[in-house]
Amino acid sequence: MPNKLGDAIRRLRLAQGLTLAELGEKLGMTGPGVRNWEIGQIVPNNSKLRRLEEIVGRLTLAKESEGSDLPTPPPKNVFGVWLSRARSEAGMSVPELARVSGLSAVAIYNIESGRSQNPQAETKSRLEKALKTAIPEDVKTEVAEEQEIAGLGALTDFDPHDRGALPKVAGVYVFYDISERPVYIGKAANIADRVINHSDKFWFKSPIVFNASYIAIENDDMRHKIEQVLIKFLKSNAVINKQSVDR
């Protein structure tokens with residue numbers, strides 16, 4: 001069954017710019033306790049629900065339906081919420097942060113909007129250096145838990161147009177267009193080299209290729225199998241690489 005209450009709690013928590021730990025502190029409980037509500041393992045009692053609504057807004061109708069009175073904030077995740085807050089506290093605009101960090105403004109916009117939910121370690125390091133602050137441990141933990149694929153690792157986002165930040169690892173990667181539709185699925189022993197090879201193709205331009213994600217997979221046979229499965233699942237949606245060939 002869909003976890004409508006848990007989804008609503010998470011949506012409203014992020015709309016208020018709160019991490020799991022921060023909301024837990026306001027409620028007199030732990031961050032993992034709040035996460036258990038959001039994933040549906042535990043249902044908060046009426047007393048906790050009332051206190052929760054005082055903090056994040058009305059949740060009552062979420063038990064029965066999506067609830068027309070529930071706000072619909074942009075699709076964000078906790079890392080985007082943290083970055084937006086840290087940038088604001090540093091008094092920097094997105095272009096200013098892009099200039100200081102060496103990242104593209106598009107990459108920063110993608111993170112803050114939730115399009116890019118788990119940036120690469122190098123991207124995170126550049127942001128910490130530029131903002132002169134460390135990413136909180138609870139934010140790192142929440143991002144890792146959300147993006148982890150059991151038995152494989154974490155899905156990681158990257159800017160396919162930033163050559164200096166391409167992942168130099170073996171794995172399977174996906175390109176998305178500006179509407180977040182997957183348009184290319186590929187595999188490579190070195191993703192950075194393969195993406196650079198794509199860069200002179202007529203289709204390798206924004207908005208056709210706007211963002212990208214990868215998962216690191218060392219085993220060549222496993223990479224091939226996962227690429228094949230993803231292409232078959234997406235069918236005609238993988239519009240550029242339907243036949244698993246290097247285009």
Side-chain angles (χ1 to χ4, degrees), residues 6-39 44 48 51-59 62 70-148 154-159 162 165 176 178 180 210-213:
D7 289 344
I9 292 171
R10 180 178 183 276
R11 188 165 65 248
L12 295 180
R13 170 175 65 84
L14 293 177
Q16 297 301 322
L18 297 170
T19 67
L20 286 169
E22 289 168 343
L23 179 55
E25 183 177 358
K26 289 178 178 292
L27 292 164
M29 56 190 293
T30 65
V34 177
R35 177 168 173 76
N36 285 336
W37 291 353
E38 294 184 353
I39 64 178
K48 287 293 187 183
R51 175 59 182 143
L52 184 62
E53 289 183 333
E54 291 175 357
I55 300 168
V56 300
R58 190 178 178 197
L59 289 156
L70 290 175
T72 307
K76 294 182 179 179
N77 81 327
V78 70
F79 190 80
V81 168
W82 170 80
L83 177 58
S84 179
R85 182 195 303 171
R87 178 177 59 77
S88 178
E89 290 174 351
M92 302 175 79
S93 67
V94 169
E96 286 172 332
L97 179 56
R99 185 175 65 255
V100 174
S101 66
L103 299 169
S104 69
V106 169
I108 295 170
Y109 280 124
N110 283 342
I111 294 170
E112 292 195 6
S113 69
R115 285 177 180 268
S116 176
Q117 300 195 11
N118 184 26
Q120 296 183 88
E122 172 66 19
T123 298
K124 293 174 181 175
S125 177
R126 290 190 195 182
L127 290 170
E128 288 181 315
K129 184 176 180 180
L131 293 167
K132 296 183 172 61
T133 186
I135 301 166
E137 289 301 318
D138 61 306
V139 171
K140 292 180 182 178
T141 299
E142 186 172 342
V143 170
E145 289 177 347
E146 287 184 347
Q147 300 302 312
E148 185 75 15
L155 189 66
T156 304
D157 301 309
F158 67 98
D159 181 352
D162 183 354
Y176 305 93
I178 196 167
E180 300 187 40
F210 187 76
N211 202 10
S213 299

Who are the salt bridge (Lys or Arg N to Asp or Glu O under 4.0 Å) partners of E128, not counting sequence neighbours?
none
Any chance you could lay out the side-chain contact (heavy atoms from CB on, under 4.5 Å) test for V34 and E142, step after step, and finish with the verdict?
CA-CA 11 Å; V34 177; E142 186 172 342; over 6 Å; no
So, taking the atom named OG1 in T141 and the one named CD in E137, what distance separates them when rounded to the nearest 0.5 Å?
6.0 Å
Salt bridge (charged side-chain N to carboxylate O under 4.0 Å, His left out) partners of residues 27-36, not counting sequence neighbours, each pair once:
R35-E145
What distance separates R115 CZ from Y176 OH, expressed to the nearest 0.5 Å?
12.0 Å
Closest non-hydrogen atom pair between N110 and F210, with its separation:
OD1-CE2, 3.2 Å
Using side-chain contact (heavy atoms from CB on, under 4.5 Å), reason through R51 and M29 one step at a time and then give a plain yes or no.
CA-CA 12 Å; R51 175 59 182 143; M29 56 190 293; over 6 Å; no
R126 vs K129, test: side-chain contact (heavy atoms from CB on, under 4.5 Å). Steps then yes/no.
CA-CA 5 Å; R126 290 190 195 182; K129 184 176 180 180; 5.8 Å; no
Validation row: L83, L131 side chains within 4.5 angstrom (heavy atoms):
yes
Check E96 against S93 and note the closest heavy-atom contact, atom names and distance.
OE1-N, 2.7 Å
From CA spacing to verdict: side-chain contact (heavy atoms from CB on, under 4.5 Å), L18, I55
CA-CA 10 Å; L18 297 170; I55 300 168; 4.0 Å; yes
Taking salt bridge (Lys or Arg N to Asp or Glu O under 4.0 Å) as the definition, give me every residue that meets it alongside K26, ordered by chain and number, with sequence neighbours left out.
none
Side chains of I111 and L127: closer than 4.5 Å at any heavy-atom pair?
yes
Would you say the side-chain atoms of S101 pair up with the backbone N or O of L97, donor to acceptor, closer than 3.5 Å?
yes
Quick check against the 3.5 Å criterion: does D157 have a side-chain atom that pairs as donor or acceptor with the backbone of N118?
yes
Does a donor on one side chain sit under 3.5 Å from an acceptor on the other, for T19 and D138?
yes
So do L20 and V78 actually touch side chain to side chain, heavy atoms under 4.5 Å?
no
Face-on cation placement of K140 at F79 ring, 6.0 Å and 45° thresholds
no
Determine whether a donor-acceptor pair (N or O, by modelled atom type, separation under 3.5 Å) exists between the side chain of Q120 and the backbone of A165.
yes
Would you confirm whether S84, through its side chain, and V81, through its main-chain N or O, come within 3.5 Å as a donor-acceptor pair?
no
S113 (side chain) donor-acceptor with Y109 (main chain) under 3.5 angstrom:
yes
Residue pairs fulfilling salt bridge (charged side-chain N to carboxylate O under 4.0 Å, His left out) with at least one residue in residues 81-93, sequence neighbours excluded
E22-R85, R87-E112
Holding to salt bridge (Lys or Arg N to Asp or Glu O under 4.0 Å), I want the full list of residues that pass it with E148, two or more places apart in sequence or in another chain.
none
Check whether any side-chain heavy atom of T123 lies under 4.5 Å from a side-chain heavy atom of D159, and answer yes or no.
no
Listed by chain and number, what are the side chain to side chain donor-acceptor pair (under 3.5 Å) partners of E38, not counting sequence neighbours?
R13
May I ask you to test the W37-L27 pair for a side-chain heavy-atom distance under 4.5 Å?
yes
Side-chain heavy-atom pair W82, P136 within 4.5 angstrom cut-off:
yes
Go through the side-chain N and O atoms of Q117 and Q147 and say whether any donor and acceptor fall under 3.5 Å apart.
yes
